[in-house]
Amino acid sequence: MPVVQYTKEELYNKIRREILSLELIPGQRISEAEISKRLGVSRQPVREIFIHLSHEKLLQIVPQKGTFISLIDLEYVKQVIHMRYLIEKEILVEACDKLSEKTLMTLAHICDLQELIIKNEGDSNEFLALDNKFHRTIFEDSDHKVIWDIIESNNVNYSRFRLLDVLEKPAMGRIVEQHRTLLNHIKDKNTTAIQEMLKTHLFQGIEKSEHITEKYESYFV
């Protein structure tokens with residue numbers, strides 16, 4: 001098997017992606033030595049990446065005990081969702097007048113791809129990547145890319161919570177249906193309906209949080 005050569009950025013992205021995709025599960029203990037051996041790299045860049053990820057609250061470094069994948073903070077998730085709703089409802093209203101026909105077609109195509117994943121019982125991480133792309137496209141084409149980047153930088157707890165939610169397959173179908181409804185409301189410039197649907201769309205996972213935290217109790221603070 002050929003040895004993969006990672007740049008430091010590639011290494012950071014890989015470890016971060018493994019955490020966000022739950023390949024490395026909340027509460028799991030990891031070590032520089034284990035990661036270095038598995039990925040075929042020296043320990044120095046891994047040590048630096050661990051420190052960086054701890055600043056992002058993805059890792060918890062406990063002196064004398066070790067390094068652990070951070071648990072999911074549900075209260076933080078709730079605050080992020082509330083923040084995102086307050087911001088995104090205004091962006092979607094602006095989108096009614098800003099999105100081009102080409103962008104509307106792109107958003108519809110993203111929904112088609114999500115439905116294909118559901119039909120083929122595909123990967124949940126790929127489904128959520130398309131979910132992010134749907135919302136990011138609206139922000140970017142409404143001239144608010146920087147705001148989306150700020151939201152994304154605070155999504156580490158929310159991203160993992162959402163993945164636990166969509167692992168229950170019926171949630172995927174609801175998400176796509178809501179995307180299509182949002183898209184139709186944007187086309188119709190129905191700003192009241194947009195805000196009502198967005199609230200349902202963003203808060204539906206929190207409404208199921210008790211079920212999720214019971215099923216994955218060890219993953220949460």
Side-chain angles (χ1 to χ4, degrees), residues 13-28 53 56-59 69-89 91-92 107 110-140 147-183 195-221:
N13 287 333
K14 177 171 178 56
I15 298 172
R16 189 178 192 276
R17 187 165 55 248
E18 288 182 357
I19 296 173
L20 293 179
S21 68
L22 300 177
E23 292 178 56
L24 297 172
I25 65 174
Q28 177 180 340
L53 291 172
E56 292 186 60
K57 302 188 184 305
L58 283 170
L59 292 182
I69 307 300
S70 295
L71 297 175
I72 300 170
D73 185 335
L74 185 59
E75 185 55 39
Y76 194 93
V77 171
K78 291 177 180 179
Q79 293 292 326
V80 168
I81 291 173
H82 185 65
M83 175 192 72
R84 179 166 165 181
Y85 172 69
L86 293 175
I87 296 171
E88 189 162 358
K89 68 178 182 176
I91 303 298
L92 287 174
L107 294 171
I110 291 170
C111 293
D112 293 340
L113 293 175
Q114 286 186 303
E115 288 183 340
L116 193 59
I117 289 173
I118 296 171
K119 180 179 178 181
N120 295 330
E121 298 185 353
D123 181 72
S124 300
N125 284 293
E126 185 179 354
F127 180 90
L128 281 182
L130 287 169
D131 183 271
N132 282 336
K133 184 176 181 180
F134 181 91
H135 292 274
R136 184 179 69 246
T137 298
I138 294 173
F139 274 74
E140 290 180 346
I147 295 177
W148 178 258
D149 290 342
I150 292 170
I151 290 174
E152 279 279 87
S153 69
N154 288 282
N155 262 357
V156 293
N157 281 283
Y158 182 42
S159 295
R160 293 184 293 167
F161 178 82
R162 287 169 64 225
L163 182 54
L164 293 174
D165 182 24
V166 302
L167 287 173
E168 317 238 341
K169 299 303 181 183
M172 290 187 179
R174 287 196 299 274
I175 288 170
V176 179
E177 182 180 345
Q178 290 163 7
H179 279 177
R180 290 200 185 278
T181 301
L182 278 171
L183 185 53
Q195 295 188 24
E196 290 174 354
M197 176 49 63
L198 181 66
K199 190 169 188 177
T200 298
H201 184 60
L202 293 180
F203 283 93
Q204 63 185 355
I206 288 298
E207 292 172 359
K208 295 163 46 185
S209 62
E210 185 174 348
H211 166 72
I212 294 171
T213 53
E214 284 180 0
K215 186 172 182 179
Y216 301 96
E217 183 178 1
S218 64
Y219 288 11
F220 289 84
V221 173

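Values below: every heavy atom of this structure, side chains too, minus hydrogens, waters and symmetry copies.
Ile91 places none of its side-chain heavy atoms less than 4.5 Å from the side chain of Trp148. Side-chain atoms of Ile175 and Gln204, non-hydrogen and from C-beta on, do get closer than 4.5 Å to each other. Looking only at side-chain heavy atoms (C-beta outward), Phe134 and Val176 stay at 4.5 Å or farther from each other. Looking at heavy atoms from C-beta onward, Phe220 lies out of side-chain contact with Pro26 at the 4.5 angstrom threshold.
Annotation for Asn154 and Val80: closest pair O-CG2, 3.5 Å, computed over non-hydrogen atoms.
Atom CG of Asn132 and atom OG1 of Thr137 lie 10.0 Å apart (nearest 0.5 Å). Taking CD from Glu88 and CD from Gln195, the interatomic distance works out to 11.5 Å, rounded to the nearest 0.5 Å. Here Leu24 contributes atom CG and Leu59 contributes atom CG; the two are 8.5 Å apart, rounded to the nearest 0.5 Å. Taking CG of Leu163 as the reference point, atom CZ of Phe127 lies at 11.5 Å (rounded to 0.5 Å). Note that NZ of Lys215 and CG of Leu167 are 7.5 Å apart. Values are rounded to the nearest 0.5 Å. Atom CD1 of Ile81 and atom CD1 of Ile206 lie 4.0 Å apart (nearest 0.5 Å).
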May I have the step-by-step check of side-chain contact (heavy atoms from CB on, under 4.5 Å) for Met197 and Gln178, ending in yes or no? CA-CA 7 Å; Met197 176 49 63; Gln178 290 163 7; 3.6 Å; yes
Assess the residue pair Gln79 and Glu75 against the criterion (side-chain contact (heavy atoms from CB on, under 4.5 Å)); give the C-alpha distance rounded to whole Å, side-chain angles, the decisive distance to 0.1 Å, and a yes or no. CA-CA 6 Å; Gln79 293 292 326; Glu75 185 55 39; 3.3 Å; yes
Step-by-step side-chain contact (heavy atoms from CB on, under 4.5 Å) determination, Tyr158 to Arg84: CA-CA 11 Å; Tyr158 182 42; Arg84 179 166 165 181; 3.6 Å; yes
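Aromatic ring orientation, His135 versus His179: perpendicular (interplanar angle above 60°, classes split at 30° and 60°).
Looking at residues two or more places apart in sequence or on another chain, you find a side-chain contact (heavy atoms from CB on, under 4.5 Å) between Ser159 and Leu20, Asn155. Considering only residues two or more places apart in sequence or on other chains, Arg180 meets the side-chain hydrogen bond (donor to acceptor under 3.5 Å, both in side chains) condition with Asp112, Glu115.
Residue Ile69 is tested with Leu53, Leu22, Leu58, Ile19 for a side chain to side chain contact (heavy atoms under 4.5 Å, CB included); the sole match is Ile19. Evaluated for a side chain to side chain contact (heavy atoms under 4.5 Å, CB included) with Ile72, the options Leu164, Val156, Val221 yield exactly one hit, Leu164.
Not one N or O on the side chain of Asp165 forms a donor-acceptor pair closer than 3.5 Å with the backbone of Phe161. Asp123 places a side-chain N or O within donor-acceptor distance of the main-chain N or O of Asn125, the cut-off being under 3.5 Å.
Between Lys57 and Asp73 no salt bridge is recorded (no basic side-chain N to carboxylate O distance below 4.0 Å). Under a 4.0 Å N-O distance rule, the pair Glu56/Arg16 qualifies as a salt bridge.
Within a 6.0 Å radius of CD in Glu177, no more than 12 heavy atoms belonging to other residues, nucleotides or ligands are found. By the 6.0 Å contact criterion, NZ on Lys133 is open, its count of non-hydrogen atoms from other residues, nucleotides or ligands being 12 or less.
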